[in-house]
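For reference, the structure is listed below as structure tokens.
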Amino acid sequence: MNKYRSHNCDELDKKDTGKIVSLAGWVNKKRDHGNLLFIDLRDNYGITQCIINKENSNFSQLEKIQLETVIKINGKVLSRSSETINYEIKTGEIEVSIESFEILGTCKELPMPVFSDQEYSEEIRLKYRFLDLRRKKIHENIILRSNVISFIRSEMYKLGFLEFQTPILTSSSPEGARDFLVPSRLNPGKFYALPQAPQQFKQLIMVSGFDKYFQIAPCFRDEDARADRSPGEFYQLDLEMSFVEQEDVFKIVEKLLISTFEKFSKKKLITKKFPKISYSDALLSYGTDKPDLRNPLVIKDITDIFLRDDVSFEIFKKLVKSGSEVRCIVTKDTKDKPRSFFDNIDKWAKEQGSSGMAYFTLEKEKDISAKGPVGKFFSKEALNEIIKKTKAEVGDSIFLACNKRKELERITSLAREKIAKELDLIDQNIFAFCWIVDYPMFEKDEDTKKIRFSHNPFSMPQGEPDKINFEKPLDMLAYQYDIVCNGIELSSGAIRNHIPSLMYKLFSIAGYDKKQVDDQFRGMINALNYGAPPHGGIAPGIDRIVMLLANEKNIREVTMFPMNQNAQDLMMNAPSKISEEQLKELNLSLKFKK
RNA sequence: GGGGGUGUAGCUCAGUUGGUUAGAGCGAUCGCCUGUCACGCGAUAGGUCGAGGGUUCGAGUCCCUUCACUCCCGCCA
């Protein structure tokens with residue numbers, strides 16, 4: 001017999017009537033009627049109403065008890081009369097008549113209520129996270145997270161993957177995010193880095209012949225936070241497979257994600273087979289490489305229209321001549337929308353730092369015409385050409401933006417979201433997955449004008465290794481892919497480059513000589529020289545998956561002990577100063593930036 | 001590093017054009033109440049209006065500086 005309880009707070013029902021039981025939990029709520037006191041006792045499992053009246057000698061003590069005090073009660077299960085049954089809770093048909101009780105943990109006046117649906121500032125929630133985590137919604141989110149991870153783990157084993165741990169203290173690498181660094185006491189002046197991902201290790205596991213690996217892996221990146229990005233650490237389902245091509249990875253991941261999302265959410269998956277969109281198509285049609293495919297709006301390029309003589313939209317024509325492009329978004333049947341709808345979009349676009357969005361609506365009496373502030377600039381032939389390019393119809397409106405490619409992508413991508421929101425075009429009850437494929441191997445750094453890896457330097461370039469054209473590195477595509485769901489990037493992965501000579505060649509394009517590669521990627525490059533299998537993998541973000549399943553917009557709602565935006569843990573007071581002794585032992589001295 | 005939002009009681013918020021002693025709900029304390037489940041009723045305590053400076057006869061309110069939290073851009077192979 002357990003010392004503290006005979007049952008959990010969700011266990012008792014009518015069948016238990018008359019039993020002498022003991023329950024332990026938190027005082028969720030009191031309702032004091034003077035001579036009769038109701039106490040809702042809560043534990044992880046549920047709530048049970050407990051009752052005591054004035055005749056009992058414990059009454060006055062319980063009447064004064066603070067909410068959230070942890071108590072054990074002993075008493076008898078009574079069935080409730082029909083009019084007092086509470087159908088909201090599982091134990092609503094019974095209550096426990098308290099005979100005696102014991103305080104197991106006292107509670108001071110609360111800095112924030114636990115039993116309340118109100119929203120609280122992040123600051124107070126994070127400082128008192130242990131109280132926050134008692135609250136229903138987030139408590140359930142964290143349990144969901146546990147169940148999702150457990151499910152994924154068992155699915156991975158079923159799919160033939162083995163789970164391995166990889167080092168947390170490893171070496172800093174020059175590519176990618178900023179590292180978290182840890183000074184080495186035994187090696188003065190040298191530092192470990194926390195892994196940004198177990199990238200090199202998982203490839204080494206393949207070279208070691210383990211065939212299929214996975215890990216629910218902590219990843220550490222010292223970069224600024226976002227709503228969907230924790231500062232510091234996050235978790236990935238890191239996986240890697242030998243002797244595979246891109247399609248083999250896709251098959252496994254689709255299977256896993258579909259079963260996970262179907263099990264843990266009521267929302268429908270829009271397609272069972274994830275559509276594949278090339279990186280360049282994504283940027284053209286959605287302005288981003290993480291498109292929300294729930295949104296039916298598509299961006300079209302109509303730059304050519306502004307080279308025509310029968311178009312007199314001089315501002316855009318001038319910009320086009322100097323290298324800008326024009327892209328547009330067509331909204332279906334918006335002819336009757338008030339002027340304010342259109343002007344608000346234009347105003348909003350200006351607030352986003354763009355030059356705004358021009359618009360017109362297609363009309364037809366005898367001939368096609370365009371209504372709106374810029375409608376007069378287009379001849380009917382030009383309008384017909386636009387209709388051909390955009391598949392727009394009479395009654396539709398067209399929003400236009402003109403700018404240099406990168407800025408144009410940014411604003412049209414935002415506009416696509418904004419307009420869809422205004423028109424309520426996004427179905428909140430679906431998951432829309434897609435693969436983004438054919439990422440470029442290299443890109444040009446805008447500031448330095450140097451060529452650098454656009455994603456993972458270990459990715460395999462597309463095409464036969466001996467036929468690759470290294471003269472035009474910016475045209476090279478990689479077997480590199482992302483999964484996107486509802487506009488959130490869930491993971492990225494690649495088929496890896498397991499051929500050392502090809503690796504050196506690619507690194508040389510990005511400005512690394514052989515010695516640098518040998519020094520900075522020693523573990524990896526050395527291993528590839530001793531019989532490496534072709535391999536590839538991916539790493540879906542666990543936090544983001546749970547976020548989608550829990551229908552939360554912020555990653556901290558599915559993270560037990562998150563840091564705030566400035567990467568501080570307000571509860572544990574991290575990061576914190578360290579003693580002179582500690583610094584000395586590590587051969588460190590502090591010198592602050594001005 | 002840059003831009004937006006927020007900051008008033010323990011918590012969530014209101015506070016008009018600058019004008020008397022800064023309010024409400026929840027929580028706390030005290031009292032009343034035997035069927036509630038957001039129990040009800042009454043009373044009391046609780047404020048450096050984020051901080052500093054300025055304008056003004058007078059600042060929670062206007063201006064400047066600064067701090068904290070948050071959202072976004074940069075960044076995140």
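Below, chain A is the first sequence line, B the second, and so on; all start at residue 1. Hydrogens, waters and symmetry mates are skipped; everything else that's a heavy atom, side chains included, is used.
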Any idea which of B:C76, B:C72, B:G35 is nearest the A:R221 side chain? B:C76
Ion pair A:D513/A:K515, N-O distance below 4.0 Å: no
Only pairs with both distances under 3.5 Å count, Watson-Crick or wobble alike; so what is the partner of B:C69 in this structure? B:G5
So what does A:D179 touch, heavy atoms closer than 4.0 Å: a base, only the sugar-phosphate, or nothing? nothing
Is_stacked (A:H33, B:C39) at 5.5 Å, 30 deg: yes
Choose from B:C11, B:U70, B:A38 the nucleotide whose nearest atom is closest to any side-chain atom of A:P113. B:C11
Across all strands shown, which nucleotide pairs with B:G47 by Watson-Crick or G-U wobble geometry, both distances under 3.5 Å? none
Selection from B:C37, B:C76, B:G35 that lies nearest to any side-chain heavy atom of A:N86: B:C37
Can you check whether any acceptor in the base of B:C37 is under 3.5 Å from a donor in the side chain of A:R80, or vice versa? yes
Does the plane of the ring in A:F220 sit parallel, tilted or perpendicular to the ring in A:F180? Use 30° and 60° as the thresholds. perpendicular
Out of B:C11, B:C37, B:U70, which has the shortest distance to the side chain of A:L126? B:U70
Which residue lies more 5' along RNA chain B, comparing A:M112 with A:Q49 via nearest heavy atoms: A:M112
Basic-acidic side-chain contact under 4.0 Å: A:D40, A:K29: no
Compare the minimum distances between each of B:U70, B:A38, B:G74 and the side chain of A:R226, then state the nucleotide with the smallest one. B:G74
For B:G35, does the base pair up with any side-chain atom of A:E95 as donor and acceptor (N or O, under 3.5 Å, distance only)? yes
Counting only Watson-Crick or G-U wobble pairs whose two distances fall under 3.5 Å, which nucleotide matches B:C26? B:G10
Proximal nucleotide (of B:U12, B:C76, B:C39) relative to the A:Q118 side chain: B:U12
Where the side chain of A:K29 is concerned, which of B:C37, B:C76, B:A38 is the nearest nucleotide? B:A38
If pairing requires Watson-Crick or G-U wobble contacts with both distances under 3.5 Å, which nucleotide is the partner of B:U36? none
Counting side-chain heavy atoms from CB outward, which of B:C69, B:G31, B:C75 is closest to A:D224? B:C75
On the side chain of A:E119, is there an atom forming a donor-acceptor pair with the base of B:U12 - under 3.5 Å, no angle test? no
Go through the N and O atoms of the side chain of A:R229 and the base of B:C76, and report whether any donor-acceptor pair is under 3.5 Å. yes
Do the charged groups of A:R80 and A:E93 touch, with an N to O distance under 4.0 Å? no
Taking only the C1' atom of each, what is the distance from B:C30 to B:A38 in whole angstrom? 23 Å
Is a salt bridge present between A:D518 and A:R522, judged by a nitrogen-to-oxygen distance below 4.0 Å? no
Determine whether A:I73 and A:V21 make a side-chain contact, defined as any pair of heavy atoms from C-beta on separated by less than 4.5 Å. no
Which value, in whole Å, describes the distance between the C1' atoms of nucleotides B:G15 and B:G2? 33 Å
5' priority, RNA chain B, between A:P111 and A:N53 [closest heavy atom]: A:P111
Please classify the nucleic acid contact of A:S454 as base, sugar-phosphate, or nothing, using heavy-atom distances under 4.0 Å. sugar-phosphate
Side chain of A:E55: nearest nucleotide among B:U34, B:G25, B:A28? B:U34
Checking B:U12, B:C39, B:C71 against the side chain of A:Q565 (C-beta onward), the nearest is B:C71
Checking base pairs now: Watson-Crick or wobble, both atom distances under 3.5 Å. What partners B:G31? B:C41
Does A:N564 make a side-chain N or O approach to OP1 or OP2 of B:C69 shorter than 4.0 Å? yes
